[in-house]
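Here's the structure, in structure tokens; my notes come after.
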Amino acid sequence: MSRNNLDDLCVNTIRFLSADAVQKANSGHPGLPMGAAAPAYTLWNRFLKFNPADPHWPDRDRFVLSAGHGSALLYSLLHLTGYDLSLEELKNFRQWGSRTPGHPEYGLTPGVEATTGPLGQGLANAVGMAIAETMLAARFNRPEFEIVKHHTYVLAGDGDLMEGIASEAASLAGHLKLGKLVVLYDSNNITIEGTTGLTFTENVIGRFESFGWRTIKVNDGNRIDLIADAIEQARQDSARPTLIEIKTHIGYGSPHKQDTASAHGEPLGEEELRLTKEKLGWPADKMFYIPDEVRVHFRASVERGGKYQKEWQILFDKYTTQFPDLGREFKRVIDHNLTNQWDHDLSVFTAESGKIATRAASGKILNALAACLPEMVGGSADLAPSNKTLINDNSDYSPENRLGRNLRFGVREHAMGAVVNGLALHGGVIPYCGTFLIFSDYMRPAIRMAALSKLPVKYVFTHDSLGVGEDGPTHQPVEQLLSLRAIPNLLVFRPADANETSAVWKMAMTQTSRPAALALTRQKLPVLDLSLYPQLAEGVVRGGYILADSDRPGLTIAATGSEVHLALEAREKLAADDIQVRVVSLPCLELFAEQTEEYRNRIISPDLPLLVIEAGRSLGWKAYVGPKTEVIGVDTFGASAPGSEVLSRYGFNIENIYSRARKLVNDTTRAML
């Protein structure tokens, strides 16, 4: 069989495995796999460096299906090339318990590099992956020993490039001159509602050129030779990322649905699928059919990938012999292991050192960690001086300096969140990022994807309450804590002082399968001296603990963050009225909820009335601490005035807390009579 005929057979196999999977599930998106089969095949067959037997080989190329709705395309490729994904899994597409869910999920399906589906996220993830590749290459490569040398490829669609996050990420990638980033743009001019002419008539090529990208256009998405030539050109340009616009036909081959919106997100239908197979010369009566010569051709990827990895391993063994320290260090960071004394120099704060904002304490702790962990990298969305996220005595990452550890994201919160996800997905680095807590809303979709993907990203969110003050309600977070706590698998920390902040950072650094968000103050707070509160560090690990107790407490006051100090002050004032108070600090409700019922009841006794103080929405608190609860919170937007005045006028003052506490105790006493 000629190469052209075999190529055509392989492309049609991809098309119909995908279309059959969608049809059997009676759910899914056949259009993209059928239209983009040839570009995907060209990339995977001629260029992509991977080893199906070891999906985690460090120097593999990364392939991100940003248009995640076309997941059947990726699953077909993974099965055909020999990954541990059986044909039975393709037949169980979108079914309970399968490894072929409706959109690709990282960690579930071998070979899936990123969880995608929300459009634009994958492209931004790929920017992070490309950054990580350059960082590791600069740090570890030596002359004649390029142990880090791979590309990041993306398959994106019209919808991806409509999303604002794509422009944010592409702008950053062009600025950073990420030459090993190649985006295949499946340009088929169709969305769910109809043609892209309804909403999307811009010059995409011109936009990406203005971002600093190289652009190439392929007018026929079935011309493997033209696609291959374009990819080869992209690979030769080390100074610019490349966008290859490939004109394709959604639902290619379908007599009645090709180039229509109905091909996008619904099965072709049994009759239309039969007609399509007949039109393209495929056995109409066979489902999930793979010709023998196609299987043999694709499975050559296993041998080829094994050869790639073996050659790399030989090189790495020689590298380790010549550079033993570097070899050990490379293996450590790739295996996600921390150094032996990574927390050795963490600051211990004392009352004598004076009040300090938790954002400032975080900055000191971050730098202590970074000094022990050279793989720690990150930055802020143009707020590094305020977020205290700069690594001191280190340089900025740039096209001229790939060793820089300070990432300047610009005012691009959404892209920042997805880029750090890409850094984490790539591996070899520990990423963090920062902005004001209020602007976590701009990056919420990326935070959600990190939690879903079990990525141990660290978020530094400062200016955490009404204490922001004069900037007013637009900048004062009210609902953000509640909103972040609603995301499954995300740890939300709100430390009460510098020492809790240190313990929170230590806890966040030990997480391997969930992200952590730190909500930190701008205003200065007293220090909880460890000589007086030795239980603090262990209490933070459990998410909540008794900070101050009494012999016969009649009331529990629980608080988070800066309000813990108000609780301690109120305790002293109430003691003068012979009301004994237990003060509980709750720096992380998610960790507290994971403790045993016995522990939770010991900390927050169900037999005592409970007053909660937090400068955020009161909604949701009773789910964590029980029904016998009064909450001093913020259930309206804030106001513009000095921070201390705003907090006081909203009830975060000793007089109001004292009054509410007395009333709660009295009401409870009367109810018991």
Side-chain angles (χ1 to χ4, degrees), residues 14-16 18-40 64-76 93-94 100-105 114-125 154-170 183-204 207 221 243 245-273 275-276 414 418 444-446 448-449 452:
I14 296 170
R15 285 186 176 122
F16 289 116
S18 302
D20 285 347
V22 172
Q23 188 62 46
K24 185 174 186 298
N26 197 30
S27 173
H29 300 75
L32 182 147
M34 297 177 73
V64 179
L65 181 65
S66 193
H69 55 275
S71 58
L73 169 73
L74 180 54
Y75 301 146
S76 297
F93 179 57
R94 289 186 162 223
T100 49
H103 294 83
E105 295 181 27
T115 300
T116 57
L119 294 176
Q121 292 282 332
L123 192 155
N125 292 162
V154 181
L155 180 60
D158 294 297
D160 281 295
L161 301 191
M162 291 185 199
E163 291 283 2
I165 187 176
S167 289
E168 289 183 23
V183 175
L184 307 184
Y185 166 28
D186 174 35
S187 177
N188 60 43
N189 299 110
I190 294 293
T191 65
I192 292 176
E193 293 186 355
T195 69
T196 52
L198 292 169
T199 59
F200 192 56
T201 53
E202 68 189 51
N203 182 348
V204 174
R207 170 157 58 106
L243 177 81
E245 181 178 8
I246 306 172
K247 299 303 296 183
T248 64
H249 297 278
I250 194 168
Y252 179 80
S254 172
H256 303 106
K257 294 191 175 184
Q258 178 178 309
D259 297 326
T260 69
S262 62
H264 171 82
E266 61 187 45
L268 292 179
E270 292 183 4
E271 178 61 17
E272 186 69 11
L273 180 55
L275 292 173
T276 305
H414 197 181
R444 181 182 175 83
R448 184 178 187 273
M449 295 299 282
L452 176 60

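- Contact record, Arg94 with Ser27: NH1-OG, 2.8 Å, taken as the closest heavy-atom pair.
- Other residues, nucleotides and ligands contribute at most 12 non-hydrogen atoms within 6.0 Å of the CD atom of Glu193.
- Here the side chain of Arg15 pairs no donor or acceptor atom with the backbone of Gly253 at under 3.5 angstrom.
- Met34 has its side chain out of reach of His29: every pair of non-hydrogen atoms, C-beta onward, lies at least 4.5 Å apart.
- Formation of a donor-acceptor pair under 3.5 Å by the Gln23 side chain with backbone atoms of Gly269 is found in this model.
- Atom CG in Leu268 sits 10.0 Å away from atom CG in Leu275 (nearest 0.5 Å).
- Ile190 and Ala261 get closest at one heavy-atom pair: CG2-CA, 3.6 Å.
- Side-chain contact check for Asp186 versus Asp160: every heavy-atom pair is 4.5 Å or farther apart.
- Between Asp20 and Phe93, the closest side-chain pair of non-hydrogen atoms is not below 4.5 Å.
- Ring-plane geometry between His69 and His264 is classed as tilted, the angle between the planes lying from 30 to 60 degrees on a 0 to 90 degree scale.
- Atom OG1 of residue Thr191 and atom CG of residue Leu198 lie 6.5 Å apart, to the nearest 0.5 angstrom.
- To the nearest 0.5 Å, atoms CG (Asp259) and CG (Asn188) are separated by 8.0 Å.
- Between Glu163 and Leu119 the shortest heavy-atom distance is CG-O, 3.3 Å.
- In terms of heavy atoms, Thr115 sits closest to Met449 at O-CE, 3.0 Å.
- For Thr276 against Pro255, the heavy-atom pair with the smallest separation is OG1-CD, 3.5 Å.
- If you check the side chains of Thr196 and Asp158, you find no donor sitting under 3.5 Å from an acceptor.
- Here the closest heavy-atom approach between residue His103 and residue Thr116 is recorded as CB-O, 3.2 Å.
- Of the charged side-chain nitrogens involved, none lies within less than 4.0 Å of a carboxylate oxygen, so that Lys257 and Glu272 do not count as a salt-bridged pair.
- If you run side chain to side chain contact (heavy atoms under 4.5 Å, CB included) between Leu73 and each of Pro33, Pro30, Pro104, only Pro33 comes through.
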**Prompt:** What's the verdict on side chain to side chain contact (heavy atoms under 4.5 Å, CB included) for Leu243 and Val204, showing C-alpha distance, side-chain angles and the deciding distance?
**Reply:** CA-CA 10 Å; Leu243 177 81; Val204 174; 4.1 Å; yes
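- A distance-only check finds a donor-acceptor pair linking the side chain of Ser66 to the backbone of Leu123 [under 3.5 Å].
- Between Thr195 and Asn189 the shortest side-chain heavy-atom distance does not fall below 4.5 Å.
- Using modelled atom types, no side-chain atom of Thr201 and backbone atom of Gly197 make a donor-acceptor pair closer than 3.5 Å.
- The closest donor-acceptor contact from the side chain of Ser71 to the backbone of Gly102 lies under 3.5 Å.
- For the pair Pro101 and Tyr75, the minimum side-chain heavy-atom distance is below 4.5 Å.
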